[in-house]
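Worksheet: one structure, shown below.
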Amino acid sequence: QDKSIVVASTTSTQDSGLFEYLLPLFKKKTGITVKVVAQGTGQALDTGRRGDADVVFVHAKSAELKFLSEGQGVKRYPVMYNDFVLIGPKSDPAGIKGMKDVAKAFQTIKDKQASFISRGDRSGTNIAELKLWKDAGIDIAKDHGPWYKAIGQGMGAALNTAGASNAYVLSDRGTWIHFKNKGDLQILVQGDKRMFNQYGVMLVNPAKHPNVKKDLGQQFIDYLVSPEGQKDIANYKINGEQLFYPNANDHSA
Amino acid sequence: MTGDGTALHLVLSGDPAFYAIVRLSLIVSLSAVLFATLIGVPVGAALALTRFPGRTAVTVLLNAMMGLPPVVVGLAIFLLLSRSGPLGSWGLLFTPQAMVIAQTVMVTPIIAALTRQTVEDLWAEYREELAAMGVGPVRRVATLIWDARFSLVTALLAGFGRAAAEVGAIIIVGGNIDGFTRTMTTAIALETSKGDLPLAIGLGLVLITIVIAINGLAWGVRLAGERYAG
Amino acid sequence: MTGDGTALHLVLSGDPAFYAIVRLSLIVSLSAVLFATLIGVPVGAALALTRFPGRTAVTVLLNAMMGLPPVVVGLAIFLLLSRSGPLGSWGLLFTPQAMVIAQTVMVTPIIAALTRQTVEDLWAEYREELAAMGVGPVRRVATLIWDARFSLVTALLAGFGRAAAEVGAIIIVGGNIDGFTRTMTTAIALETSKGDLPLAIGLGLVLITIVIAINGLAWGVRLAGERYAG
Amino acid sequence: MRAPATDLPVTLADVTIAAGAVTILDDITMTISPGGPTVLIGPNGSGKTTLLRVAMGLVSPTRGRITWGGREAVPPVKRAIVFQRPTMLRRSAAGNVRYALAAANAPRATRDARVAELLALVGLAHLGHRPARRLSGGEQQRLALARALAREPELLLLDEPTASLDPAATKAIEDIVRAIAARGVKVVMSTHDLGQARRLAGDIALLHRGRLIEAGPAEAFFAQPQTQEARTFIAGELLV
Amino acid sequence: MRAPATDLPVTLADVTIAAGAVTILDDITMTISPGGPTVLIGPNGSGKTTLLRVAMGLVSPTRGRITWGGREAVPPVKRAIVFQRPTMLRRSAAGNVRYALAAANAPRATRDARVAELLALVGLAHLGHRPARRLSGGEQQRLALARALAREPELLLLDEPTASLDPAATKAIEDIVRAIAARGVKVVMSTHDLGQARRLAGDIALLHRGRLIEAGPAEAFFAQPQTQEARTFIAGELLV
Ligand SMILES: Nc1ncnc2c1ncn2[C@@H]1O[C@H](COP(=O)(O)OP(=O)(O)OP(=O)(O)O)[C@@H](O)[C@H]1O
Ligand SMILES: Nc1ncnc2c1ncn2[C@@H]1O[C@H](COP(=O)(O)OP(=O)(O)OP(=O)(O)O)[C@@H](O)[C@H]1O
Ligand SMILES: [Mg+2]
Ligand SMILES: [Mg+2]
């Protein structure tokens, strides 16, 4: 139990099943046990702030940069990305299937007043969604009607809710592929550049929190960004589909 | 409800959204307790007063059902009420009604099991006298519920406690939809996942205060009744 | 625990990871009930037997605490045990111990409040006789706990039910870490968010079965004891 | 709602009641037939209360059988009992009587009148409003009698009905017993007051250690008791 | 652990007990001093039980004061009471006596012997193992007496101690009372059995409607009662 670290991450990352695949590989290599605490992005970063985690592994760049600027983190490493996909019922009441411009799709959903499920929990996905509304020129905080439901829950719960209420929902591809209860939901819009979802990893600042296991933590980060780790990530597939695209060397990400 | 305010600020500011949430929380848990009482008290009393083969098994089952996991209850109701479910046509999913149903399912066994015990203890004292008066099963149940009413208050409060604190089930069947099915507990869960722990704790304290107030009310009524009954 | 199996499959396959989860669930909830009993029963009994100014207030508070919201309790313990919290140095956060602490905090009021009621009902019968024998406060409490022991079982089972079903608090202080702090209830929550509802429900049924088994056990002991006591 | 047939005579045939190892009633055979009160006497623990509970139908024999008017397991519609330690329901004195009337399906209209009447009969007219559990020992015993009479029984079982009554009340109750017996109600009562037994008994039954030692008409019993036990007991000596 | 000072005499000065509107004891002044048993008589509801509970210190006066050996609020270390309706603890008969001994801090070593002794004294030697709540009415009353004697009281309060005892047992208990009274234990008892009052009483106190009608040495009381109430009550007539 001694050679172990705590990683604060997000529900979507856990729900995608990546850790169940990745951690055994890492443990085999280094003998380090990684304890993943999956929380909302805000909560995960906060867990880091309190020094209760050694590493934070989330996907909300702005929030991560803020974390760094507070001196809570040592350095942010881009690890990989997957993309968001716009999910909706087969019936597609708003008729957005196959659109290439996600902002346009959002625009249409609003015009048609088709029900839309928002996570509304300040998670990376939620933040990305809000940005897309802005891109669509809509101030969702102001003009959202009963068609727009903010459920304040994790990705899985959002998908369950959308499925149960024939609604549209924005999800990260990882969670979607791994999601069991698809019902008659399907991907309607994908591929738009604006829908990329960048994951970053940071070591919690040992200077601020002396109990942080900085060596073991750093080993985990090094592994993630190492060619081998990147390859492992690329190899994580569910029925043939790749979920995450490693991009550790894209330093702008 | 905006995350930037403190709970105290929310209470004072009189933010209508906030008060709507408080109201919904009360409506849901109190109605659940009401229904659970109407079902659980007679059932528990009847179980205490009737001997039949397999009674022990039923008692054990009832006691065990005090441990129904909220998430499981929530899922079961969810599948029942979801469009593709048998009762989908009612369109109750993600409505306060669904939340009341889920909580009623969870609270009823608690009230029934505790009622059974309380009534059975009183029954030990009344059994022979009522038998000698040839009191029929129905009046018997009614009599013991009535004569044990002051002790039963505690059972109801235990049920209310569970309902007021519960989040796992109502968040699944209610969906924690902003301005529609968001209650104190689901809001607390949300603020927690947002990482706004101060607000979450603050809301928690507000909730606890409300629960205390209601308990005080109930106890006051009980004491008054007891004094009146002499 | 892999999502691809059904619950039944898991039970039969004897997947060690799965049994580890079951074991942890039992250890956590049973230890919580044990501690809650050691604290709650004497406290509840003492409250039933002693008159002091503000007793009513304490009783109301105790009853109200049966409604402590798990998430709030979880958060409070979280902040306490957090590295930057007062007890951070203990390094208990995200450990099973933390989960036991959280559940003990939640279950103790339930057991204490129900004990208070049960003991007070018996007290009405014993009061004068014990007073006449000049029985001191300590022996008085001991006597009433002992003589009410069979009725108190139900109170303990109510506490156990709450502990076994509880997820809100332990997922916060335990972190639902795979293979370390994952219990039945947190696993169910996880599978639900993965959308694997069948597995979630399946696990729920397994959990309920376990709870029933334990209730059966407890009841068996109770009946045996009762028969022996005559 | 009363069944047409009668509960009398009550016949016990080889009735034995055992609780675990203890034999409480030991192979009792007796017939309780219409007529003057049957008075049960015997030392403490001899089985009087148990015998009355059997006759009421509250305990069924471990061995042997009991019949009411020739039928087994007859519901206690026409029977009433006053326990040695009556339980007061959590109601007023009047409430207790009213409850008994309701349980016996007495016509609603007449209930209030009957309550007043019965309370007056047992001398509790002035205590109708008082919580029954606050009543004194003797008052509780009287109230229990009023509850029993409310059932207008054909067979009335009284377990030491005057044990905690004052002399005047004892007289009053004895008069009531005579009166209802005269009206054809069969009374079976236990007592430790041999004078009372002499005053009231049509028949006497002496119990000892759960066995029925001697039974028969009162005069005969007191004039020339057949058994040594009877002689000893009447003399007020210790039965061993 | 016994306090040195004595509880006697017990002095009631203008003691009134009220429960809501009801006046249970009405301005009672009396002194219970060492000597022969003081016997309380009076109709049902006259206040005997309440008076005994006051003397035990279980209820404190609404008005007036009570002192034991001149001191107020003395813990009941040297007092014991047998209630009219004793409560049996959920233990065996022997267990009940042992419990009383423990509560009185009797030396551990001697307890088993004392238990046997006390059970024998009240004639329950053979029932020691029986669950106390299963005992017959009379057996329970005897057990309660054994529990009270276990406390080796200096003041023993008995509320109708022989009400449900058989003739022989009644004699036995009366002998016990005489014996302990001879040993200097002050006995205060209530009874409805005027014969018993005559046999045992040193002093008599007649209560009626919560008031102390007449009190004094027994011979005098029975020879020439001073009040009309006393004459009526002795004659066994109804007191109104
Ligand atoms: N459930 C039981 N288990 C064991 N013994 C019992 C049980 N019920 C009664 N007894 C015993 O059976 C005997 C007869 O009891 P019962 O009450 O009939 O006596 P009784 O004649 O009414 O005595 P009393 O004159 O004191 O009222 C008593 O010795 C009592 O202890
Ligand atoms: N808490 C109470 N509230 C109202 N009335 C009460 C209360 N306690 C006692 N009483 C009344 O006070 C009167 C005296 O009661 P107590 O028990 O002292 O009488 P007693 O002399 O012992 O009668 P008995 O001979 O029947 O035992 C009774 O009429 C009773 O109803
Ligand atoms: Mg008897
Ligand atoms: Mg009395």
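Residue numbering restarts at 1 for every chain, and letters A, B, ... go by the order of the sequence lines.
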What distance separates Leu75(C) CG from Leu197(B) CG, expressed to the nearest 0.5 Å? 5.5 Å

Which bit of Leu79(C) is near chain B, if near means a heavy-atom gap under 4.5 Å: side chain, backbone, both or neither? side chain

For Leu207(C), is it the side chain, the backbone, both or neither that has a heavy atom under 4.5 Å from a heavy atom of chain B? side chain

Straight-line distance of Arg162(C) CZ to Arg162(B) CZ, nearest 0.5 Å: 5.5 Å

For Phe35(B), does the CZ atom have more than 12 heavy-atom neighbours from other residues, nucleotides or ligands under 6.0 Å away? no

Quick one: closest heavy-atom pair of Ala158(C) and Leu114(B), and the distance? CB-CD2, 4.3 Å

Quick check on the interface: out of Pro70(C), Ala113(C), Gly168(C), who has the most heavy-atom pairs with chain B under 4.5 Å? Pro70(C)

Is Ile212(B) close to chain C through its backbone or its side chain, or both, or neither, when contacts mean heavy atoms under 4.5 Å? both

Most contacts with chain C, counted as non-hydrogen pairs under 4.5 angstrom, among Ala57(B), Ala64(B), Gly67(B): Ala64(B)

Per-residue tally against chain C (heavy atom, under 4.5 Å) across Gly74(B), Pro109(B), Ala76(B), Ser151(B) peaks at Ser151(B)

Does some side-chain heavy atom of Pro69(C) sit less than 4.5 Å from a side-chain heavy atom of Ile208(B)? yes

Which atoms form the tightest heavy-atom contact between Met66(B) and Leu157(C), and what is the distance? CE-C, 3.8 Å

Do you know the tightest heavy-atom contact between Gln117(C) and Trp219(B)? OE1-CH2, 4.2 Å

Against chain B, label Leu122(C) side chain, backbone, both or neither, depending on which of its atoms sit under 4.5 Å from a heavy atom there. neither

With chain B, the option among Ile201(C), Leu205(C), Ile188(C) that has the most non-hydrogen atom pairs under 4.5 Å is Ile201(C)

Most contacts with chain C, counted as non-hydrogen pairs under 4.5 angstrom, among Val167(B), Asp121(B), Thr185(B): Asp121(B)

Measure distances from Leu61(B) to the heavy atoms of chain C and classify the residue's part below 4.5 Å as side chain, backbone, both or neither. side chain

Rounded to the nearest 0.5 Å, how far does OG1 of Thr192(C) lie from CZ of Phe78(B)? 10.0 Å

Where does Leu68(B) contact chain C at under 4.5 Å (heavy atoms): side chain, backbone, both or neither? both

At a heavy-atom separation under 4.5 Å, does Asn63(B) approach chain C through its side chain, its backbone, both, or neither? both

Honestly, the part of Thr59(C) sitting under 4.5 Å from a heavy atom of chain B is side chain

What part of Phe160(C) is in contact with chain B, defined as an atom under 4.5 angstrom from a non-hydrogen atom: side chain, backbone, both or neither? neither

Do Arg116(C) and Thr154(B) touch side chain to side chain, with heavy atoms closer than 4.5 Å? yes

